Amino acid sequence: MEPPLTGYSLSEPSVSRALLAWYDAHRRDLPWRAKPGEQADPYAVWLSEIMLQQTTVTAVKPYYATFLGQWPRLEDLAAAPLDAVLRQWAGLGYYSRARNLHACAIMVMQRHGGVFPAEESLLRALPGIGAYTAAAIAAIAHGRRAVVVDGNVERVISRLFAIESPLPEAKAVIRAETDRLTPNERAGDFAQAMMDLGSMICTPRQPQCLLCPLAAFCVAKAEGRAGEFPIKAPKREKPIRHGVAFFLRRGDGAVLLTRRPARGLLGGMMEIPGGAWNETPDLEPLRLAPVAADWQRLEGEVTHVFTHFALRLSVYAAKAPSTLKVPDGCRFVAEEDLDAEALPSLMRKAVAAGRAFFADKQERAGERKKRWPNGEARNSRSN
DNA sequence: TAGCCGTGGGG
DNA sequence: TCCCCAAGGCT
C-alpha cells in the first residue's frame, strides 16, 4: 500500500489544532451546549447525552426542551414518578434509557449530593452511563481530559487512518488513535468538534472532503476511499414476528390499557392487551383476548420495525360489554388522556387503528341513517 | 462477546 | 420500498 500523501505525522498536535480552529468557526449551536467561554451545565450535558444515544439531534431537540421545562433541575427529575418520565420519553425509543435516567438522577442525589462527579470511574458506575457517556460528561461538563469515542469519532478516525479492520473489532485501535489525538486542553471541545465534523462533513455517505479541515491528514481521502470507511461486520437478517392486540373501547371512548413488564422490550411502557409475539401467527388469536366480547378483526396489520425484528400486529376491536369487570392489571384510559400515556410508537399505531375503526363505523352508521333512513342494508366497503 | 433494545428520516 | 443510520448501554 502506498504511504499517505500527507506530509504530516498524525501524532503531532496539528490535527487537534486544525479541528479546534474549524470548530471555533463552524460549531453547531445546540440547546444543551454552552456558549463559547461559558461553563457547561452537567445536568444539561448528562440529559442530552442520554437522549442522544443512538438518536439523532433532530429527534432529541423537542424531548430535551420538554424534559428541561418540566424538570429544570436534577432534583426535580429525581423526585418525579417513573411513569411521568416514561410518558415524556414515549416515542423516543430505547426505553431502558428512561428507566436508567430516572434511577441515575436518584443515585446522584443520594450518592453525590446532587452533583455529577467528574471522575469517569464514578460516572461509569451510574445507571445508563457507559464508557462513551462517562467520557463525554467528564470532558464536556467538567473540562477533564477524556477519550471520547462515539459513532462519529469511529467514522472520522477510521477514515483518517484508513483502518481496514471491521467494526466492532477495530474499536480498540480506534480508541488508541483517538487517545493520541486528544489534546490535554479543550478535550471537551475536541470531542464535540469530532462529533460536529462527523455530523456535518465526515458523514456516513457522501463525505464532504473538500470542506474538511482534516483533509490534508486523511489517509482515506488521499486514497479516494473516504466513503468506504468504517468497514463493518456483516449483520444478521431481521426475522418477522406476529402478534395480536385487543382494542377495547367503552361507550364513552375510554380504552383498556395495561402496563408491560418493567424490563425488556418496551419495558414499563403501556400497551393495549395482547399476546406474545411469535414467529408464526396464532391460529386461535381470540383465546388471547383480555375479556369476552364481540371482537372484530381490523383490516390489514399494524407493522413496526424494531432493532432486531419486524412485527406484524393483528388488531382486534370490540365495544366493552356493559357488564364488564376490568381485568387485573388493566385500566380504562379516557380518550382525551391517551396522548399523554406512556405509549410507545407501536402502540400509538395500534390505538390509532382502533380509533379509526370506531370512527369509521360511526360514520358508516351516520351515512346509513341519512341515505337509507329505513335501515336498508348497504354493501360493505370494499377498500 | 454478541444479542437485546426503538424510532424516524434520508438516500 | 428497502436499507442504512443516529452523541450506546446492559447482560
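The shown structure was predicted, so the numbers you read here are calculated from the model rather than taken from an experiment.
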> Given the rule in the side-chain hydrogen bond (donor to acceptor under 3.5 Å, both in side chains) test, do A/R331 and A/T258 qualify, once you have shown the distances and angles that lead to the verdict?
Replying inline: CA-CA 6 Å; A/R331 62 184 165 87; A/T258 186; over 6 Å; no
> By a strict heavy-atom criterion of less than 4.0 Å, which residues belonging to residues 42-67 of chain A are in contact with DNA chain B?
Replying inline: A/Q54, A/T55
>> Under 6.0 Å between ring centres: does that hold for A/F67 and A/Y64?
In response: no
>> Rounded to whole Å, how long is the line connecting atom CZ of A/R99 with atom C1' of B/dC5?
In response: 9 Å
> Quick one, which residues of residues 19-29 of chain A touch DNA chain B with a heavy atom under 4.0 Å?
Replying inline: none
> Which word best sums up how the rings of A/F358 and A/F247 line up, parallel for under 30°, tilted for 30 to 60°, or perpendicular for over 60°?
Replying inline: tilted
> Given atom CG of A/N100 and atom C1' of C/dC10, what is their separation to the nearest angstrom?
Replying inline: 8 Å
> Which residue lies toward the 5' end of DNA chain B, A/K349 or A/R241, if each is placed at its nearest nucleotide?
Replying inline: A/R241
>> So, using salt bridge (charged side-chain N to carboxylate O under 4.0 Å, His left out) as the criterion, who are the partners of A/R260 when residues are at least two apart?
In response: A/E271
> Looking at the side chain of A/R236, which of B/dG3, C/dA6, B/dG6 is the nearest nucleotide?
Replying inline: B/dG3
> Does A/S96 get its side chain close enough to the base of C/dG9, under 3.5 Å, for a donor-acceptor pair?
Replying inline: no
> When the distance from CZ of A/R97 to P of B/dC4 is rounded to whole Å, what number comes out?
Replying inline: 19 Å
>> Quiz question: by atom type and distance under 3.5 Å, do the side chains of A/R124 and A/T133 form a donor-acceptor pair?
In response: no
> In whole Å, what is the span from the CD1 atom of A/I129 to the P atom of C/dA7?
Replying inline: 19 Å
> Do A/H304 and A/F306 have ring centroids that are under 6.0 Å from one another?
Replying inline: yes
> How do A/W32 and A/P127 order along DNA chain C: which one's closest nucleotide is nearer the 5' end?
Replying inline: A/W32
> Can you tell me if the side-chain N/O atoms of A/R155 get under 4.0 Å from OP1 or OP2 in C/dA7?
Replying inline: yes
>> If I compare all heavy atoms of A/L126 with all of A/C104, which pair ends up nearest, and what's the gap?
In response: CB-SG, 3.8 Å
> Among pairs that include at least one residue of residues 301-316 of chain A, which meet salt bridge (Lys or Arg N to Asp or Glu O under 4.0 Å), considering only residues two or more places apart or in two chains?
Replying inline: A/E301-A/R312
> B/dG3 phosphate, OP1 or OP2: any side-chain N/O from A/K235 under 4.0 angstrom?
Replying inline: no
> Rounding to a whole Å, what distance do you find between A/L313:CG and B/dG6:C1'?
Replying inline: 15 Å
> Do any side-chain nitrogens or oxygens of A/R124 fall under 4.0 Å of OP1 or OP2 in C/dC10?
Replying inline: yes
> What nucleotide, of C/dA6, B/dT7, B/dC5, holds the atom closest to the side chain of A/N152?
Replying inline: C/dA6
> What are the residues of residues 186-202 of chain A, sorted by number, that bring a heavy atom to within less than 4.0 Å of DNA chain B?
Replying inline: none
> So what does A/G267 touch, heavy atoms closer than 4.0 Å: a base, only the sugar-phosphate, or nothing?
Replying inline: nothing
>> For the P atoms, the ones on B/dC4 and on C/dA7, what distance do you get once it is rounded to whole angstrom?
In response: 24 Å
> Any side-chain N or O of A/H304 less than 4.0 Å from the OP1 or OP2 oxygen of B/dT7?
Replying inline: yes
>> Tell me the interatomic distance from A/L123, atom CG, to C/dC10, atom P, rounded to whole angstroms.
In response: 12 Å
>> Could you check, using the six-membered ring where one of them is a Trp, whether A/W295 and A/F246 have ring centers closer than 6.0 angstrom?
In response: yes
> Is A/Y95 near enough to B/dT7 that one of its side-chain N or O atoms lies under 4.0 angstrom from OP1 or OP2?
Replying inline: yes
> C/dA6 C1' sits how many Å from A/R205 CZ, rounded?
Replying inline: 11 Å
> Taking the inter-plane angle between the rings of A/H26 and A/W22 on a 0 to 90° scale, is it parallel (under 30°), tilted (30 to 60°) or perpendicular (over 60°)?
Replying inline: tilted
>> Tell me the interatomic distance from A/L30, atom CG, to C/dA6, atom P, rounded to whole angstroms.
In response: 17 Å
> Below 4.0 angstrom from OP1 or OP2 of B/dC5, is there any side-chain N or O of A/H308?
Replying inline: yes
> Would you say the side chains of A/Q192 and A/R27 form a donor-acceptor pair under 3.5 Å?
Replying inline: no
>> At 4.0 Å (heavy atoms only), tell me whether A/V305 reaches a base, stays on the sugar-phosphate, or touches nothing.
In response: base
>> Does the Lys NZ or Arg CZ of A/R159 fall within the cation-pi geometry relative to A/F229 - under 6.0 Å from the ring centre and within 45° of the axis?
In response: no
>> Suppose you measure atom P in C/dC10 against the same atom in B/dG8; what distance do you get, rounded to whole Å?
In response: 24 Å
Report, one line per pair, each donor and acceptor closer than 3.5 Å where one atom sits in a side chain of residues 34-47 of chain A; sequence neighbours left out.
| from | atom 1 | to | atom 2 | distance (Å) |
| --- | --- | --- | --- | --- |
| A/K35 | NZ | A/D29 | OD1 | 3.0 |
| A/Q39 | NE2 | A/A141 | O | 3.2 |
| A/D41 | OD1 | A/Y43 | N | 3.1 |
| A/Y43 | OH | A/W71 | O | 2.7 |

